[in-house]
Amino acid sequence: MLWFQGNSMQLAKHSFQLLLRNLSASKTALPVLTLFTKDPCPLCDEAKEVLEPYRNREVDITLPENSAWYDRYKFDIPVFHLNGQFLMMHRVNLSKLEKQLQKLEQQGAGG
């Protein structure tokens, strides 16, 4: 698991940028990364900063229409779904994210 502080955050952003650039160059539909959050959430703020250039979707679990997500994740935010499936929680795990993105890229390439 990667914890983002100082230069590690910059390295993580660069690594993630390269991976997404490769995915979009492959003409594969870009995956949707969903962040489940609430306010206040310092870990969510950290995750949003790292992933800001690639922000696809964010779900505020405190809104009435998201009460099912609140019941499920109120003690576990931030939570991430990739293409609608649970991916990770609490901290951004770039290794896990990269593996899943590569898997999607291979599936999109027919492999």
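Numbers here are sequence positions counted from 1.
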Phe75 side, atom CZ; Lys38 side, atom NZ - distance, nearest 0.5 Å: 6.5 Å

For His90 against Ile77, the heavy-atom pair lying closest together: CD2-O, 4.1 Å

Non-hydrogen side-chain atoms of Asp39 and Thr62 separated by less than 4.5 Å: no

Residue pair Leu104 / Leu82, side-chain heavy-atom distance below 4.5 Å: yes

Gap separating the CG atom of Leu87 from the NZ atom of Lys96, nearest 0.5 angstrom: 6.0 Å

Set of side chain to side chain donor-acceptor pair (under 3.5 Å) partners for Asp45, sequence neighbours left out: none

Heavy-atom side-chain contact between Phe80 and Val92 under 4.5 Å: yes

Value rounded to 0.5 Å, distance of SG in Cys44 from CD1 in Ile61: 8.0 Å

Mutual orientation of the aromatic rings belonging to Phe36 and Tyr73 [parallel < 30°, tilted 30-60°, perpendicular > 60°]: tilted

Nearest heavy atoms of Leu35 and Lys48, plus distance in Å: CD2-CG, 3.4 Å

Whether over 12 other heavy atoms sit under 6.0 Å from Lys103 NZ: no

Any Gln100 side-chain heavy atom under 4.5 Å of Gln85 side chain: no

Minimum heavy-atom distance between Met89 and Val79, given as atom pair plus value: CB-CG2, 3.9 Å

Separation of Glu98 CD from Asn93 CG (nearest 0.5 Å): 9.5 Å

Side-chain touch Glu46/Pro42, heavy atoms, less than 4.5 angstrom: no

Single-linkage hydrophobic cluster Trp69~Phe86, side-chain heavy atoms < 4.5 angstrom: yes

